[in-house]
Amino acid sequence: MFNDIAQYFRTDTLPHIWCPGCGIGTITAAIVRAIKTLQLDQNKVIFVSGIGCSSRMPGYLDFNTIHTTHGRALPFATGIKAARPELDVFVIMGDGDSTAIGGNHLIHASRRNIDLTAIVINNSIYGMTGGQTSPLTPHDKRGTTSPFGNLERPFQVLELAKAAGATYGARATAFHNQLLTKLVIDAYNNPGFSLVEAISQCPVSYGRRNKFKTPADMLLWQKEHAYKAGQRIGHEDDFQIGEIFSSQAPEYTKEYDKLRQRLKEVSR
Amino acid sequence: MSNPKLMQGNEAVAEGALAAGVLFYAGYPITPSTEIAEKMAERLPLVGGSFIQMEDEIGSMAAIIGASLTGLKALTATSGPGFSLMQENLGYAVATEVPCVVVNVQRGGPSTGLPTSPAQADVMQARWGTHGDHPIIAITPSTVQECYVLTVIAFNLAEEYRIPVILLMDEVIGHLREKVVLPDQLTIVNRKKPDVPPGEYLPYENDDSMIPAMANFGDGYRYHVTGLTHNQKGLSSGNPEVTKSFMQRLTQKLNPYLDRIQMVEEVQLEDADLILIAYGCSARSAMEALHIARGRGLKVGLFRPITIWPFPQKQLEKYVGRKFLVVEMNTGQLAGEIERIFGNKAVERLNRIDGELITPKEVLDKIGGVCNV
Amino acid sequence: MAMQKFLLTGTGGQGLILAAIMLAEAGIYAGQNVAQSQSYGPEARGGASRAEVIIGDEDIYYPKVERPNFVLTLSQEAYKKYGLHLDEEAILIVDDTQVTEVKPRSKNFYSLPITKAARAHFGSEQSANVLALGVVASISGYLSMDNVLQSVKHRAPKGTTEQNIKALEIGWKMGLKAGENQENKHCQNEGDES
């Protein structure tokens, strides 16, 4: 199972630090399979991450990898892409990372429509610090900082990115990991800012506090609550998977290059 | 030599950056530094570079580190409030040893303070603003000509020693216009590239030079960069031996090169009974006072630390036994450092914190007071 | 030349910082050292503005103007702030429309129709800053018309060069004439005394 993608891993860095039953490993494999399918040159692939469980992913991968500061993966990635647009830049963030401390960077990367392939691994909780509520923790659910249930309402992260100007948004889960591979490929192929929400399970910090007995229960929950476009919503927790939106708009680095060309012609 | 030009301090920084080969600028508008961003926005697309206005100073600092990792020389500029926001990723640049230059055109603080008035109250923030033990280089221009030349030098130091360099300016020098003569020839330093094949490359190699070679992202050397304590491969580690070896190299890596990093100007020090210590805009007032005092027969000299961090202690220690007067626009941030070297009794202070430049008369009055003692 | 210190004061938006930049650049064309600075508040328009220029062949250390040799004021507010408490030898030039309440000064005082002339020639006060520059530069006698003209040509905003050159010429003549008048007055006074 792993051998097909082993060439993309720094195998000397394994085993990884993720807990048994965690979904990030499955999601990592799905993303790497997308890169394999796309046949991208490993030397030209950049992985940028923030801070948190999911942001440890780049360390295990054999690309140009940078594990940045909490919430800041997108502006680091913006600097890399603006400096060398020919590089393929993937950005791995967690839910707290991308929507709390990094929320401002998320909307501005969306607004610029800069050609980054961003993946938010949403496990509904701050896992690394032990289970605190994040802006994607559902209402009423429990975390160590919402011991009586979350009073706040969560963001719809894809709607947020869409409203801010992103041109591709999609959602899959650790359970629907083959779909995830396909969506990451589509996201990469979109010439603009693309956001993929990958719903993951955190059995240790979220599941235990929210009536999930086993990691398998959480995967079953993903399976049962996901629906595809056109299907009826049966429950308020249900969520759509697949491509959620896609549009066309000028891409930042291409626009900047056009500016350079225009100025060159003027100066001639 | 080119013809003399009238240039503003901030404009000279932008010109110096372009002369140094800067191809990337990320920033956020803030008085009194904005002219640097405006100039770069106009010029960079013409030379094949990139300018980007980020959503805040946190993002600006992040973006220049990202650009520098791909091999470009990258600049940002700000003032106190933005400098505070940059501290997070400034520490990241220190820990990951990514060359870049941060300009801080100081204004009155704390907080929003006095946006359009000068101060020199970020001296300690430049040294210790980001958390953790770390090295840093900060340099302080006193003239517009120096804004140009020291920006080039700031990039040379950043590239040579893989460290963020802070160009610590102030509103007076940033907005001052005076004569600049652009040098015909500049020494330009570029970062050391690996001379081994990718398989053998250690991005954080601990060799005798203490400064590892740096490969560009995208050039075939696939390596990892992290703000976590890391081993020579760049991979995170909490092992005490690895941590110790990393921290020792990081915190001591400038030591072998201090002679090349620490720049000072020494004026009439041989016979000086009283040595003025001043930098940036305050040094202008101190110089004027020095000339008037000399005219009156007072034996006064000036020691101007152009490199303020790491502080040129060795150069100053030659003058042990003299009296010192530290002239600065804060409550004595550098004076504390001088007292650490010579003890309280040898050091007098002249401070001003009302947003107005210290006048030569104030310095003269203080010189008179000290010399009479 | 001995160091000459100029203060150009008025209201934000009158273009006095640009005039000061032109004056400083003329100093550079004349082979001098210069320092030009300004103090300003948060307003882009309105508020008292103050631009400073030092010109001289010595090194300029302290870059601010403490005791000016020449003060121009184009607003009553700036006059109150910067036009009083001057050295006796300092030359004060005020705009006769904008600055109407003036403390009497026995000498070195010029009340001139700067903004009036700008309006008469150009239909607006847009070039009053360069006109004022011409007045100050010619009264000071420290710079040649050629040097000032060169800097006006270099620094005038695109599309305004012709108008600004004309403004400079008008101001320069106004300053020369005012200087001659004052000299005559001065000679007469001296004659009276003898």
Side-chain angles (χ1 to χ4, degrees), chain A residues 10 12-13 17 41-49 51 55-56 58-89 101-102 104-105 107-109 111-112 114 252-253 256-257 259-264 266-267, chain B residues 23-26 41-74 76 88-93 95-96 98 100 198 215-228 230 233-237:
Chain A
R10 295 178 176 130
D12 57 337
T13 64
I17 65 163
D41 177 353
Q42 248 164 295
N43 287 329
K44 302 291 176 197
V45 171
I46 314 286
F47 263 69
V48 187
S49 68
I51 293 292
S55 288
R56 290 302 184 99
Y60 306 123
L61 300 178
D62 190 10
F63 303 111
N64 305 276
T65 57
I66 169 169
H67 174 230
T68 71
T69 44
H70 196 25
R72 319 300 176 207
L74 283 169
F76 276 89
T78 298
I80 292 169
K81 188 72 186 179
R84 286 183 67 179
E86 74 276 18
L87 299 175
D88 298 318
V89 184
I101 191 165
N104 196 36
H105 305 305
I107 59 175
H108 287 279
R111 177 180 61 81
R112 281 184 198 105
I114 184 164
Y252 178 82
T253 61
Y256 201 89
D257 201 48
L259 168 68
R260 287 195 199 107
Q261 300 310 324
R262 203 169 78 214
L263 293 174
K264 207 181 271 177
V266 169
S267 67
Chain B
L23 284 176
F24 191 88
Y25 183 101
E42 200 180 301
R43 296 287 298 279
L44 276 173
L46 292 166
V47 297
S50 300
F51 168 92
I52 188 166
Q53 183 168 322
M54 294 300 290
E55 49 272 22
D56 55 29
E57 289 88 346
I58 301 170
S60 305
M61 194 65 217
I64 67 165
I65 296 170
S68 182
L69 277 165
T70 73
L72 301 192
K73 289 184 185 175
T76 189
E88 176 191 52
N89 288 328
L90 188 65
Y92 186 87
T96 55
V98 176
C100 54
N216 296 342
F217 267 18
D219 281 4
Y221 292 81
R222 299 190 299 267
Y223 67 100
H224 188 56
V225 177
T226 177
L228 287 164
H230 42 268
K233 281 185 169 176
L235 299 169
S236 64
S237 170

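Here is the naming used below: chain letters follow the sequence lines, and residue numbers restart at 1 for every chain.
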Any sub-3.5 Å donor-acceptor pair from [X]'s side-chain atoms to [Y]'s backbone N or O?
X        : Y        : value
B:Ser237 : B:His230 : no
A:Thr65  : A:Gly59  : no
A:Arg112 : A:Thr78  : no
A:Lys44  : A:Leu87  : no
B:Lys73  : B:Leu23  : no
A:Asn64  : A:Asn43  : yes
A:Arg72  : A:Ile51  : no

Please state whether the side chain, the backbone, both or neither of [X] comes within less than 4.5 Å of a heavy atom of chain B.
X        : answer
A:Tyr252 : side chain
A:Glu86  : neither
A:Ile66  : both
A:Tyr256 : side chain
A:Ser267 : neither

Checklist entry - So which pairs with a foot in residues 45-69 of chain B pass ring pair (Phe, Tyr, Trp, His ring centres under 6.0 Å), sequence neighbours left out? => result B:Tyr25-B:Phe51

Leading residue by heavy atom contact count with chain A [cutoff under 4.5 Å; candidates [options]]:
options                    : result
B:Leu235, B:Ile52, B:Ile65 : B:Ile52
B:Leu69, B:Asp56, B:Asn216 : B:Asp56
B:Ala62, B:Gly66, B:Ala26  : B:Ala62

Checklist outcome for this item: Across all chains, not counting sequence neighbours, the salt bridge (Lys or Arg N to Asp or Glu O under 4.0 Å) partners of A:Arg262 are none

Checklist entry - With under 30° as parallel and over 60° as perpendicular, where do the rings of A:Phe63 and A:Phe47 fit, or are they tilted in between? => result parallel

Taking side chain as everything from C-beta outward and backbone as N, CA, C, O, which of these in [X] sits under 4.5 Å from a heavy atom of chain A? Side chain, backbone, both or neither.
X        : result
B:Tyr92  : side chain
B:Ser236 : side chain
B:Gln53  : backbone
B:Ile64  : neither

Can you tell which of [options] has the highest number of heavy-atom pairs within less than 4.5 Å of chain B?
options                               : value
A:Leu259, A:Asp62, A:Ile46            : A:Asp62
A:Leu263, A:Thr253, A:Asp41, A:Thr69  : A:Thr69
A:Gln42, A:His105, A:Arg111, A:Gln261 : A:His105

